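This report refers to the structure that appears directly beneath it.
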Amino acid sequence: MGRQMASQRRTELVEGLMASFPQVPREAVIKEDLLRGGMAFDESALSGNEDGDVKPKSYFIFSFDHRTLPELGAAALNRPPEEVVLTGGPYELRRTVVSVRVNPASPYVVRAGEDGALGLYLDGARIADVGLPPMPDYYRHTLSNGKSVMEVAPTIQWGYLVYLTVFRVCQYFGAKEECQYCDINHNWRQHKAAGRPYTGVKPVEEVLEALEIIDRHDTARTSQAYTLTGGAITSHIGGRDEADFYGQYAKAIEERFPGRWIGKVVAQALPKDDVRRFHDYGVRIYHPNFEVWDRRLFELYCPGKERYIGRDEWHRRILDSTEVFGARNVIPNFVAGVEMAEPFGFSSVGEAIDSTAEGLRFFMSHGVVPRFTTWCPEPTTPLGKANPQGAPLEYHIRLLETYRATLEDFGLASPPGYGPPGPGRAVFSVSSFMDSLPAAEPEQEPVAP
């Protein structure tokens, strides 16, 4: 298995892995393949941007596309949906929420059938019914300055998470500092070049006004968490260091909307005193993402993080932060698949899984449960250019198996702030790890010590 399967029809690859790994939900096999390789859209499946009935793709932090905007054709003019939900078909898929990553060359195509209903087609055969996210009421309103709620406070995960990218660029800049799989800076540039609104630093007042609109119109309380994030800050923005810059938003949100959402922040692995400031400001979940476990690959792929902090210190700070938030509420992300990126990555699936498993066991032995995002090889990144096909699907399926087994080995539960686990129930849309875990009772809000 592995890279030699690339020449097979995708259906054979997918069904072969379903048969080889029956303990991994078949929904997760399809979802991982869509996340790693993208999906194409017939014009009949594109949204009407912000004027239609479908929630459009917001490009909330990265492009998560396999082509640049100018290369997307119709999908650059009428946006694809933010996510799709798959059900039914020959694999009898349970409800599966998938983040949209556009790839015009994908063997997966979303289009209307003869009956007019949207379906997902693989190698020309319909394999699932496709549901589109309805335009939420709060997206139909604008801020007092005319900006859209989608620009300031988009929601993802079928409305569960408000994604607040309050700093749209990263101060790790250039080939010697930027993470080699990350297109945050290019995504900023391409949206500005296309004349799309894409606010670089979002004022606190705009964020609060957008949240006010969401809170007023989200009467079903579908949105349950917010994430504060953006690029790394190596110096200052407006005189504030990273902890104070992101923390000011949390403080303002919690003062205005106490307890309305679970507050999460994605930031660098900071010293404990800085982490304590996040907690004091009202953040309840901390994501100091470690990106990739292997030492050599971390140094190659994350040169800015290695230069400013270093891998060992990064890991030490992750463990230190558990003394502030509690181990359950420290959830570092890694980018699943870059372990196998050529020319530096592991050449075999087994080696890559062994490395990743070592990292999982290290953190879980301390009560820390990482999560992961399935790598999308964006074409403007060094790793994306060199690996347009991403990592082998087998790696992603074996990772799901390994992740669940490691979680069970240490007697740990799925991380909080991600909605319910279990196939047919999960809403986390940028990887299948929540779809692959057993269903559980509804999660409770995390409580830090």
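Given the structure is predicted, the values throughout are model-derived calculations rather than measurements.
- Looking at L34 and L120, their side chains come closer than 4.5 Å, going by heavy atoms from C-beta outward.
- Between the side chain of K202 and the backbone N or O of E151 there is at least one donor-acceptor pair closer than 3.5 Å.
- Using the six-membered ring where Trp is involved, F60 and F64 have ring planes that are tilted, between 30° and 60° apart.
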Audit row: V85, V130, side-chain contact (heavy atoms from CB on, under 4.5 Å) steps and yes/no: CA-CA 6 Å; V85 64; V130 172; over 6 Å; no

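- No side-chain donor-acceptor contact under 3.5 Å links N289 to the backbone of E291.
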Worked check of side-chain contact (heavy atoms from CB on, under 4.5 Å) between I214 and V149: CA-CA 8 Å; I214 293 174; V149 171; 3.9 Å; yes

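- Judged purely by atom type and a 3.5 angstrom limit, S106 has no side-chain atom pairing as donor or acceptor with the backbone of N103.
- The backbone N or O of A112 lies less than 3.5 Å from a partner atom in the side chain of S44, making a donor-acceptor pair.
- No option in R404, R425, E408 other than R404 meets the side chain to side chain contact (heavy atoms under 4.5 Å, CB included) test with L437.
- Judged by a 6.0 Å distance limit and a 45° cone about the ring axis, R284 is not positioned over the six-membered ring of W261.
- Between the side chains of Y163 and S58, no donor-acceptor pair of N or O atoms lies under 3.5 Å.
- Proximity of R101 to V430: side-chain heavy atoms (C-beta onward) are separated by under 4.5 Å at one or more points.
- Using a 4.5 Å heavy-atom threshold, the side chains of D294 and F346 count as touching.
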Verdict with reasoning, Y108 to D33, per side-chain contact (heavy atoms from CB on, under 4.5 Å): CA-CA 9 Å; Y108 292 93; D33 206 20; 2.7 Å; yes

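- Summarising the local packing, CG of D53 is surrounded by 12 or fewer heavy atoms from other residues, nucleotides or ligands at distances under 6.0 Å.
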Step-by-step salt bridge (charged side-chain N to carboxylate O under 4.0 Å, His left out) determination, R189 to D183: CA-CA 10 Å; R189 290 190 293 267; D183 79 342; over 6 Å; no

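- When atom types are taken as modelled, the side chain of R260 and the backbone of Q224 share no donor-acceptor pair closer than 3.5 angstrom.
- The SG atom of C302 sits 8.5 Å away from the CD atom of Q180 when rounded to the nearest 0.5 Å.
- In this structure, E242 contributes its side chain and Q268 its backbone to a donor-acceptor pair below 3.5 Å.
- Considering every non-hydrogen atom in both V283 and A250, the closest pair reads CG2-CB, 3.6 Å.
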Salt bridge (charged side-chain N to carboxylate O under 4.0 Å, His left out) evaluation trace for R94 with E27: CA-CA 7 Å; R94 290 162 286 188; E27 292 85 358; 2.8 Å; yes

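- Ring-plane geometry between F363 and H315 is classed as perpendicular, the angle between the planes exceeding 60 degrees on a 0 to 90 degree scale with a lower cut at 30.
- Both the sub-6.0 Å distance and the 45° axial angle are satisfied by K57 relative to the ring of Y59.
- The backbone N or O of Y418 lies less than 3.5 Å from no partner atom in the side chain of Q157, so there is not a single donor-acceptor pair.
- With 3.5 Å as the limit, one finds no donor-acceptor pair spanning the side chains of S99 and E83.
- For the pair E299 (side chain) and R296 (backbone), a donor-acceptor distance under 3.5 Å is absent.
- Scanning both residues, A413 and L407, for their nearest heavy atoms gives O-CD1, 3.9 Å.
- Inter-residue side-chain proximity for V335 and F372 is flagged as unmet; no heavy-atom pair is nearer than 4.5 Å.
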Worked check of salt bridge (charged side-chain N to carboxylate O under 4.0 Å, His left out) between D312 and R316: CA-CA 6 Å; D312 292 342; R316 187 181 70 80; over 6 Å; no

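- Contact between G417 and A225 at its shortest, heavy atoms only, is O-CB, 4.5 Å.
- We find the OG-CZ distance between S223 and R221 to be 7.0 Å, quoted to the nearest 0.5 Å.
- For the residue pair S63/N187, the side-chain donor-acceptor check at 3.5 Å is not satisfied.
- Using modelled atom types, one finds a donor on one side chain and an acceptor on the other under 3.5 Å when comparing T356 with Y395.
- The two atoms that bring G52 and M135 nearest to each other are O-CE, 3.5 Å, heavy atoms only.
- For D123 and T11, the side-chain atoms include at least one donor-acceptor pair closer than 3.5 Å.
- Residues V369 and S414 form no side-chain contact, since every pair of their non-hydrogen atoms from C-beta on lies 4.5 Å or further apart.
- A parallel orientation is assigned to the rings of Y286 and F325, their planes being inclined by less than 30° (bins at 30° and 60°).
- Here the closest non-hydrogen pair linking L164 and A153 is CD2-CB, 3.6 Å.
- Under the 4.5 Å side-chain criterion, counting only non-hydrogen atoms from C-beta, Y301 is not in contact with C182.
- Residue-environment remark: CD (Q23) exceeds the threshold of 12 foreign heavy atoms within 6.0 Å.
- Here the straight-line distance linking atom CD of E114 with atom CZ of R126 works out to 10.5 Å at 0.5 Å rounding.
- Both tests do not hold together for R26 against Y91: distance to the six-membered ring centre under 6.0 Å, angle to the ring axis within 45°.
- The side-chain heavy atoms of H287 and N333, taken from C-beta on, include no pair separated by under 4.5 Å.
- The heavy-atom pair separating A232 from Y172 by the smallest distance is CB-CE1, 3.6 Å.
- In the displayed structure, E43 atom CD is contacted under 6.0 Å by at most 12 heavy atoms of other residues, nucleotides or ligands.
- To the nearest 0.5 angstrom, S365 atom OG is 9.5 Å from L412 atom CG.
- Side chain of Y226 to backbone of G263: no donor-acceptor contact under 3.5 angstrom is found.
- No cation-pi contact links K305 to F290, judged by a cut-off of 6.0 Å to the six-membered ring centre and 45° from its axis.
- In this structure, R371 is not positioned above the aromatic face of F433 in the sense of NZ or CZ being under 6.0 Å from the six-membered ring centre and within 45° of the axis.
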side-chain contact (heavy atoms from CB on, under 4.5 Å) between M340 and S347, intermediate numbers included: CA-CA 6 Å; M340 298 199 69; S347 59; over 6 Å; no

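- In summary, of the residues considered (L13, V24, D435), a side chain to side chain contact (heavy atoms under 4.5 Å, CB included) with V29 occurs for V24 alone.
- Side-chain contact of S355 with E358: a donor-acceptor pair under 3.5 Å is absent, judged by distance alone.
- Distance alone, capped at 3.5 Å, places no donor-acceptor pair between the T381 side chain and the P379 backbone.
- Going from atom CD of E339 over to atom CG of D354 covers 11.5 Å, rounded to the nearest 0.5 Å.
- Distance check, rounded to the nearest 0.5 Å: CD1 of I30 to CD of E32 gives 11.0 Å.
- In this structure, the side chains of I331 and K264 stay at 4.5 Å or more apart for every pair of heavy atoms.
- Side chains of T374 and K31: a donor-acceptor N/O pair is absent below 3.5 angstrom, by distance only.
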